[in-house]
Amino acid sequence: MARLAQTHGLTDVQQEILATVRDFVDKEIIPVATELEHRDEYPQQIVDGLKELGVFGLMIPEEYGGLGESLLTYALCVEEIARGWMSVSGIINTHFIVAYMLKQHGTQEQKEYFLPRMAAGETRGAFSMSEPALGSDVSAITSKAVKDGDEYVLNGQKMWLTNGGTSSLVAVLVRSDEGHPEGAAPHKSMTTFLVEKEPGFGEVRPGLTIPGKIDKMGYKGVDTTELIMDGLRIPANRVLGGQTGRGFYQMMDGVEVGRVNVAARGCGVAQRAFELGVSYAQQRHTFGKAIAQHQAIQFKLAEMATKVEAAHAMMVNAARKKDSGERNDLEAGMAKYLASEYCKEVVEDAFRIHGGYGFSKEYEIERLYREAPMLLIGEGTAEIQKMIIGRRLLEEYRFQG
């Protein structure tokens with residue numbers, strides 16, 4: 001039988017990259033993931049290995065030292081990495097979004113300065129939109145930048161930064177009312193700043209504090225943090241794209257490809273849950289035969305495999321749409337919504353197949369059961385995706401009467 005979630009039409013180069021990443025996942029990530037996750041330990045050795053493979057520069061153009069690959073290639077690699085341990089794919093995702101925003105919107109000087117170091121994995125990125133009282137309402141951002149000569153002074157508190165401690169570059173979205181009259185639409189008075197800092201916790205540069213890691217139910221190993229700006233001074237040449245007021249559009253562009261990434265993560269976790277479930281079902285015996293021979297379990301396996309296939313197909317479609325240069329917010333929203341929901345369901349079915357052992361920390365499915373819920377929230381909740389999908393459908397199917 002062919003392995004689930006195959007992708008047709010890949011080039012020889014794409015297939016070689018995926019085979020290399022899959023081999024790395026099987027040998028270097030899966031054997032240690034659960035132990036590291038239980039210790040909430042940052043996977044430095046794994047990250048170093050991915051740097052050597054060039055994964056941190058996968059979509060960065062060759063002229064800046066990257067591999068110049070497509071979003072599809074990147075998403076398929078993320079799918080494989082998440083199959084091993086979702087936290088590792090999160091480390092890469094935020095870095096990738098910042099690199100993508102620089103590639104698409106940065107000035108030439110910003111690209112030349114940051115992208116070669118990001119491609120090598122020497123500079124690692126994080127991005128910051130959310131705030132403690134914000135939720136999904138990006139227009140309610142209160143963090144602010146005020147112009148002071150050739151610099152901007154930033155003040156405010158940000159929340160939920162993946163890689164907040166280990167990163168050395170953070171793309172931060174704040175209000176900057178300069179040049180934007182009072183009462184203007186909120187999204188037109190937002191600016192993205194490229195904030196360099198030292199990795200670590202505490203005061204990582206004057207005016208910038210990373211308090212420490214947020215303790216989470218799952219998604220461990222990767223650091224999730226707050227970010228506090230108190231008189232943080234940033235030179236004007238670190239405004240992404242060199243012009244204020246464009247931050248909202250830049251961030252939404254980044255989040256759009258990020259949603260493809262989250263869909264890929266959901267596909268990877270669901271694949272691993274299916275692998276664990278179908279393997280355990282053939283080893284565990286009840287009433288004189290393997291539980292895989294019971295019709296009830298076969299029904300579960302059939303449903304799980306179908307969901308894995310469907311989510312993968314939608315993720316691939318969304319990535320290919322973006323690579324073609326077309327607008328893909330509808331496809332990305334659908335893929336993220338379906339993949340995260342199906343991931344939760346496939347993981348739960350695998351958990352049920354394991355019975356009481358699924359509740360034991362000795363079994364890998366226990367970790368997946370705690371990781372899957374993060375995908376329901378990251379890069380926009382299911383409700384946000386439905387809003388995006390619904391609005392786009394009304395644009396496409398506008399009633400002519």
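This chain uses plain numbering: 1 for the first residue, then up along the sequence.
With hydrogens and angles disregarded, a donor-acceptor distance shorter than 3.5 Å links the side chain of Ser340 to the backbone of Lys336.
Between the side chains of Ser87 and Lys220, no donor-acceptor pair is found at a separation under 3.5 Å. For the residue pair Glu203/Thr209, the side-chain donor-acceptor check at 3.5 Å is not satisfied. A donor atom on one side chain and an acceptor atom on the other are not found under 3.5 Å apart for Glu275 and Ser279. Side-chain N/O atoms of Thr191 and Thr244 include no donor and acceptor closer than 3.5 Å.
Under a 4.0 Å N-O distance rule, the pair Glu383/Lys386 does not qualify as a salt bridge. Under the 4.0 Å criterion applied to side-chain N and carboxylate O atoms, Arg39 and Glu35 are assigned as salt-bridge partners. The residues Lys322 and Glu256 are annotated as salt-bridged, a charged nitrogen and a carboxylate oxygen being separated by less than 4.0 angstrom. Under the 4.0 Å criterion applied to side-chain N and carboxylate O atoms, Arg3 and Glu80 are assigned as salt-bridge partners. For the pair Asp26 and Arg22, the salt-bridge criterion is not met [side-chain N within less than 4.0 Å of a carboxylate O]. The existence of a salt bridge linking Asp349 and Lys344 is excluded, since no basic side-chain nitrogen approaches an acidic carboxylate oxygen closer than 4.0 Å.
Side-chain contact between Leu375 and Glu341: absent, with no pair of heavy atoms (C-beta onward) separated by less than 4.5 Å. Contact annotation: the side chain of Asn155 never approaches that of Lys144 to less than 4.5 Å [non-hydrogen atoms, C-beta and beyond]. Between Arg83 and Val25 the shortest side-chain heavy-atom distance falls below 4.5 Å. You'll find the side chain of Glu131 stays beyond 4.5 Å of the side chain of Trp160, heavy atoms only. Within the 4.5 Å cutoff, no side-chain heavy atoms of Val308 are placed close to those of Met304. Contact of the Lys213 side chain with the Asp40 side chain is registered, since non-hydrogen atoms from C-beta on lie closer than 4.5 Å. Residues Leu368 and Met86 form no side-chain contact, since every pair of their non-hydrogen atoms from C-beta on lies 4.5 Å or further apart. Considering only heavy atoms from C-beta on, Val195 comes within 4.5 Å of Ile234 through its side chain.
Judged as a side chain to side chain contact (heavy atoms under 4.5 Å, CB included), and not counting sequence neighbours, the contacts of Thr192 are Met101, Ala171, Leu173, Leu240, Gln250, Met251. Asp148 is linked by a side chain to side chain contact (heavy atoms under 4.5 Å, CB included) to Val153, Arg233, counting only residues two or more places apart in sequence or in another chain. Under the rule for a side chain to side chain contact (heavy atoms under 4.5 Å, CB included), the partners of Lys307 that lie at least two apart in sequence or sit in another chain are Tyr342, Glu345, Val346.
Judged as a salt bridge (Lys or Arg N to Asp or Glu O under 4.0 Å), the pairs with a partner in residues 325-335 (not counting sequence neighbours) are, in order, Lys321-Glu331, Arg327-Asp329, Arg327-Glu395, Asp329-Arg392. Each ring pair (Phe, Tyr, Trp, His ring centres under 6.0 Å) pair with one or both residues in residues 32-57, not counting sequence neighbours, appears once here: Phe56-His95. For residues 280-308, the ring pair (Phe, Tyr, Trp, His ring centres under 6.0 Å) pairs, not counting sequence neighbours, are Tyr280-His354.
With values rounded to the nearest 0.5 angstrom, His312 atom NE2 is found 7.0 Å from Cys267 atom SG.
Stacking of Arg259 on the aromatic ring of Tyr337 is not recorded, the 6.0 Å distance cut-off and the 45° axial limit not both being met. Within the cation-pi definition used here (under 6.0 Å to the ring centroid, within 45° of the axis), Arg272 does not qualify as a partner of Phe274.
Counting heavy atoms of neighbouring residues, nucleotides and ligands inside a 6.0 Å radius, atom CD of Gln45 does not exceed 12 of them.
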